[in-house]
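All values derive from a computational prediction rather than experimental measurement. Note that these values count all heavy atoms, side chains included, but never hydrogens, waters or copies made by symmetry. Chain naming here is simple, since letters A, B, ... match the order of the sequence lines and numbering starts at 1 in each.
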Amino acid sequence: MTTDIIARCRVIAAAHAHLDGPLLPVLHAVQESFGHVPVVAYPALAEELGLSAAEIHGVVSFYPDFRTEPGGRRVLRVCRAEACQAMGAAALGEDLKARLGVEWHGTTEDGAVTLEPAYCLGLCACAPAALVDDRPVGRVTADRLERLAREGSA
Amino acid sequence: MSLTLYLPLDAAALALGADEVAAALQAEARARGLDLVLKRTGTRGMVWLEPLLEIEEDGVRMGFGPLGPADVPALFDGAFEDHPKALGPVEQIPFFARQTRLAFARCGIVEPLDLDAYRAHGGMKGLERAMTMTPEEIVAEITASGLRGRGGAGFPTGIKWQTVLEAEGARKAVVCNADEGDSGTFADRMLIEGDPFCLIEGMAICARAVGADRGYVYMRSEYPQAIAMLDASLRVAREAGILGDHFDIEDRVGAGSYVCGEETALLNSMEGKRGIVRPKPPLPAHKGFMGRPTVVNNLITLASVPAILSEGAEHYRSFGLGRSLGTVPLQIAGNVRYGGLFEAAFGMTIGELVEGVCGGTASGRPVKAVQIGGPLGAYFPRSLFDTPLGYEECDAAGGLIGHAGLVVFDDTVEMGAMARFAMEFCAVESCGTCTPCRIGAVRGMETIDRILAGDPAAPAILADLCETMRAGSLCALGGFTPYPVESALRHFPEDFGGAREAAE
Ligand SMILES: Cc1cc2nc3c(=O)[nH]c(=O)nc-3n(C[C@H](O)[C@H](O)[C@H](O)COP(=O)(O)O)c2cc1C
Ligand code: FES
């Protein structure tokens, strides 16, 4: 419910208001709670933090991590950077897109999986690498990744 | 009887199944009625051997790896001696034995949150010594050590600290840049996950040197395990009184933007703004976080500080080459047989490291190119493998050492595609403030496509464009993207051969 979302966002913002530069911690916490940053909450967040709603929009839209619409039940972050490319990441990415039927940033039709590109996960010595939600996986194949991503989210 | 084993919890070890091995060890011990103490450490950095299990025998750690759950029963059967995956003493494995571990002295050995173990292995000696020194003396020690920034630019750390020490300000800040966005790098992550107190100690020393009351660690969101470890270590350090009212550290988490690793974009991001680059001056040392005089240092720079204070500047500068003094955690990744982190004195050649220490490619094919210093670093061909790994040496060879990541490619790589990717990356990550970077990168992709399609006019356009990006960009994102692009073109012209082939 919208009023409930707004009320909860206010609580989150107030809890971080003592920080110097609270906005990113607040946005992370909001996304953690709701799976995305609800646009309806911008005015409330702005008020709690002494900012304008336009500033909130500017920040949310700058950072790739923040989404304003719900994502899939699992988020798959697949590395596209050079070390992973040296171990076949380009083909892995194409294969995954085909299997899931989505482009980068897309969510499968059943809402199970969102596919996000990542540019290095620090797992470059066991490339290609991915994060399934927060779980790191190395030397990964498209088959294994698809299985992990759909596990328990179907 | 109780049995003590060591198994990494580093993200790379987890990515290769360390938790599955841990579960198998617990189950097997239970089935055999053994009381198992499983200590989860950081990684030694020999990623190709992960999950790497260790057991101590007569004060020597013996290793087994890479393990899968199926290997576990035989470990118990063989009383942790005979096993097909037995590696012998871990520190005698050539990849490890050849290193000089200063910043990573404890990583892979201790449990990361065990403060007693940290002290028992030499931790806190640097801070204790710093507490007996004046701020000026600490800065002088850092200056004398020759330490330079490990984040990329290689700026002398002592001079940066001196500037902040002298800057006027009621409050000052120390910011640890742990944004580590370069492909092929994971030293920051590995240190936080394996020995977070080393960073905390380094930041506390810096704070004392410059007069800062607050520290911040800016971490990338792609490192969930490291974020959790840092937070836990900050709590332990607070309980122990290492952190507190006099000096405390907060963590801040980025949100997927590469350019936020650039120090002024990072400060904007910490302040809750879009991560766009600020023009300099003012320098962060004069006006940084919230306008306060601020030290921004890479995590490895700060983690190098405790050993400099405890062992002395002379000890530190006895390692290295030319103006690149001390040790550097080299990270070797991509298509490499023995990949991982190798901390050594500056000066080893690229070839010695990649072919000698790391055994060439994982695929067994010839090495074709090594990209050094991340997505803004140059591609080195074999003909430059005699280049020593140092700041000036890499620069003289047309590249940069950056955060010291080396990404190895075998002979199947198409350098035209890699050059195009460099432009694509710049276009994706540009903060949009300056035109040469924002527009130039997009034009760059198009122009490389034209070269690959055989357009004879395109190479000159690309050269011109690279010059504009190099000279006109606000920061090194646009300014250094020509490194990978032009090095690929210069050293591997045959991979851009569409023009000639089409004409023939
Ligand atoms: C696009 C861009 C990204 C950067 N990313 C990082 C980074 O992830 N980590 C880092 O320490 N420095 C990074 N830097 C360098 C920082 O701006 C800065 O030089 C560094 O944090 C200073 O610390 P140091 O002197 O200890 O190296 C980046 C620079 C640019 C231009
Ligand atoms: S390049 Fe893929 S994890 Fe670093």
Side-chain angles (χ1 to χ4, degrees), chain A residues 16 19-29 31-32 37 49-51 55-67 77 79-90 104 116-140, chain B residues 11-12 14-16 47-48 50 180-186 188-190 214 220-226 250 252-258 269-276 289-290 331-336 339-341 362 371 374-375 405 407-410 413 417-418 421 425 428-429 431:
Chain A
H16 292 85
L19 296 175
D20 283 326
L23 185 51
L24 257 68
V26 167
L27 293 175
H28 276 301
Q31 182 147 307
E32 177 79 27
V37 182
L49 300 173
L51 299 167
E55 282 172 294
I56 309 255
H57 169 75
V59 170
V60 171
S61 61
F62 179 84
Y63 293 96
D65 279 3
F66 298 128
R67 56 177 73 249
R77 282 185 271 183
C79 181
R80 294 192 64 210
E82 288 89 340
C84 286
Q85 287 186 41
M87 292 301 279
W104 293 117
E116 292 288 355
Y119 296 92
C120 193
L121 301 166
L123 303 170
C124 335
C126 51
L131 285 180
V132 182
D133 290 336
D134 281 351
R135 174 180 172 184
V137 275
R139 288 192 214 119
V140 78
Chain B
L14 299 183
L16 296 172
V47 176
W48 82 97
E50 294 291 356
E180 196 161 69
D182 290 357
S183 167
T185 67
F186 42 86
D188 299 358
R189 181 184 64 64
M190 189 174 135
R214 274 283 160 167
R220 62 202 318 254
S221 61
E222 290 86 342
Y223 285 179
Q225 285 72 29
E250 283 177 30
R252 290 300 170 93
V253 178
S257 161
Y258 176 78
S269 182
M270 282 179 45
E271 290 176 7
K273 300 176 185 148
R274 294 163 70 92
I276 58 178
F289 182 57
M290 310 295 289
Q331 303 133 79
I332 312 93
N335 194 335
V336 62
L341 181 136
Q371 186 180 28
V407 176
V408 181
F409 294 83
D410 75 9
V413 66
M418 299 318 295
F421 179 80
F425 181 78
V428 168
E429 299 292 347
C431 79

Check: If you tally heavy-atom pairs under 4.5 Å against chain B, which of Asp65(A), Leu121(A), Leu23(A) wins?
Finding: Asp65(A)
Check: Heavy atoms, side chains only, cut-off 4.5 Å: are Ser269(B) and Phe62(A) in contact?
Finding: no
Notebook entry, point to check: Of the backbone (N, CA, C, O) and the side chain (C-beta and beyond), which part of Gln371(B) lies under 4.5 Å from a heavy atom of chain A, both, or neither?
Noted result: side chain
Check: Checking heavy atoms, do the side chain of Tyr223(B), its backbone, both or neither come under 4.5 Å from chain A?
Finding: side chain
Checklist line | Residue Ala226(B) versus chain A: region with a heavy atom under 4.5 Å | finding: neither
Next item on the list: Would you mind checking which part of Arg252(B) comes under 4.5 Å of any heavy atom in chain A, side chain (CB onward), backbone (N, CA, C, O), both or neither?
Entry: side chain
Notebook entry, point to check: So what's closer than 4.5 Å to chain A heavy atoms on Arg214(B): side chain, backbone, both or neither?
Noted result: neither
Note to self: At a 4.5 Å cut-off on heavy atoms, which part of Thr185(B) comes close to chain A: side chain, backbone, both, or neither?
What the structure shows: backbone
Next item on the list: Please look at Asp188(B) and chain A and tell me whether the side chain, the backbone, both or neither of the residue comes under 4.5 angstrom of a heavy atom of that chain.
Entry: neither
Checklist line | Side chain, backbone, both or neither of Val428(B) within contact of chain A (heavy atoms, under 4.5 Å) | finding: side chain
Check: Are Asp20(A) and Glu271(B) side-chain neighbours, meaning at least one heavy-atom pair lies under 4.5 Å?
Finding: no
Next item on the list: For residues Arg139(A) and Leu16(B), determine if any side-chain heavy atom of one lies less than 4.5 Å from a side-chain heavy atom of the other.
Entry: yes
Note to self: Between Val47(B) and chain A, with a heavy-atom cut-off of 4.5 Å, which part of the residue counts as in contact: side chain, backbone, both or neither?
What the structure shows: both
Margin query: With a 4.5 angstrom heavy-atom cut-off, is it the side chain or the backbone of Val253(B) that approaches chain A, or both, or neither?
Written below: both
Notebook entry, point to check: Rounded to the nearest 0.5 Å, how far apart are CD of Glu82(A) and CZ of Phe425(B)?
Noted result: 7.0 Å
Note to self: Taking Gly256(B)'s backbone N and O only, do any of them form a donor-acceptor pair with Tyr119(A)'s side chain (distance below 3.5 Å, no angle check)?
What the structure shows: no
Item checked: Met270(B), part contacting chain A, at a heavy-atom distance under 4.5 Å -> backbone
